[in-house]
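A note on names: the letters A, B, ... follow the listed sequences, proteins ahead of strands, and every chain is numbered from 1.
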Amino acid sequence: QKEVEQDPGPLSVPEGAIVSLNCTYSNSAFQYFMWYRQYSRKGPELLMYTYSSGNKEDGRFTAQVDKSSKYISLFIRDSQPSDSATYLCAMSETSGSARQLTFGSGTQLTVLP
Amino acid sequence: KAGVTQTPRYLIKTRGQQVTLSCSPISGHRSVSWYQQTPGQGLQFLFEYFSETQRNKGNFPGRFSGRQFSNSRSEMNVSTLELGDSALYLCASSLLGGATGELFFGEGSRLTVL
């Protein structure tokens with residue numbers, strides 16, 4: 001069993017829909033949680049970064065972490081065709097650039113105009 | 001501000017050969033990490049370098065190695081290539097001490113082993 005499980009999709013939604021992306025994990029030592037977006041033929045780019053449990057909002061994006069359930073979510077409001085990409089959750093046990101990120105397998109999202 | 005630059009972008013090798021991939025981090029970034037991305041395993045951590053020292057290493061065989069130069073540029077090498085080494089190899093740089101330690105990824109080097 002992988003440390004981080006993520007539904008690979010693909011997920012297809014109409015423009016304007018609310019999108020919910022989720023990951024579960026088994027390592028209780030994970031403290032830092034991130035969501036990356038990866039467009040085709042590009043490297044991943046950081047969308048959201050949260051520490052421990054709680055919510056964080058940035059524009060149309062909201063990240064939620066529930067450490068008691070070992071479950072994290074990313075919500076995208078008013079989804080746009082430009083949001084079409086693969087979304088990767090990532091986690092680490094320590095902060096700083098020396099940390100080793102453990103990634104989910106990614107969810108492929110398509111937002112239809 | 002230039003991003004992370006990886007070369008070559010695409011390459012084809014045959015089994016048994018060796019390959020060297022190069023990464024130039026964002027100016028001022030002293031930490032460089034390498035990840036392997038495949039459809040089956042996703043993104044997996046290879047190793048991380050800071051000031052020419054390997055600080056962390058993932059669970060990969062010794063055929064995978066790397067180094068970092070004094071100008072923070074990094075190279076990774078894979079010897080005795082196997083078919084399963086076909087993947088997108090991603091380099092990421094980070095500014096040590098940043099609030100989030102955000103990793104900035106390059107566009108990757110896509111390796112095909114025949």
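- Surrounding CZ of Arg15(B) are at most 12 heavy atoms belonging to other residues, nucleotides or ligands under 6.0 Å away.
- Residues Ile26(B) and Tyr89(B) are members of separate hydrophobic clusters, defined by side-chain heavy-atom contacts under 4.5 angstrom among Ile, Leu, Val, Met, Phe, Trp and Tyr.
- Only the side chain of Gln38(A) comes within less than 4.5 Å of a heavy atom in chain B; its backbone stays farther off.
- Grouping the Ile, Leu, Val, Met, Phe, Trp and Tyr side chains by contacts below 4.5 angstrom, directly or via other members, places Val113(B) with Leu21(B).
- For Arg41(A) against Arg9(B), the heavy-atom pair with the smallest separation is O-NH2, 3.8 Å.
- In Asn59(B), the CG atom is not crowded: 12 or fewer heavy atoms of neighbouring residues, nucleotides or ligands sit closer than 6.0 Å.
- Across every non-hydrogen atom of Leu90(B) and Pro44(A), the tightest pair is CD1-CD, 3.9 Å.
- Shown here is Gln108(A), whose CD atom has no more than 12 heavy atoms of other residues, nucleotides or ligands within 6.0 Å.
- The two residues Tyr35(B) and Gln100(A) come nearest to each other via the heavy atoms OH-C, 4.3 Å.
- By the criterion of side-chain heavy atoms lying less than 4.5 angstrom apart, applied directly or through intervening Ile, Leu, Val, Met, Phe, Trp or Tyr residues, Leu74(A) is grouped together with Val19(A) in one hydrophobic cluster.
- Looking at Leu43(B) and Tyr36(A), their side chains never come closer than 4.5 Å, going by heavy atoms from C-beta outward.
- Contact annotation for Gln6(B): neither backbone nor side-chain heavy atoms come within less than 4.5 Å of a heavy atom of chain A.
- The two atoms that bring Glu107(B) and Lys42(A) nearest to each other are OE2-NZ, 2.7 Å, heavy atoms only.
- The CG atom of Leu88(A) sits 6.5 Å away from the CD atom of Gln37(B) when rounded to the nearest 0.5 Å.
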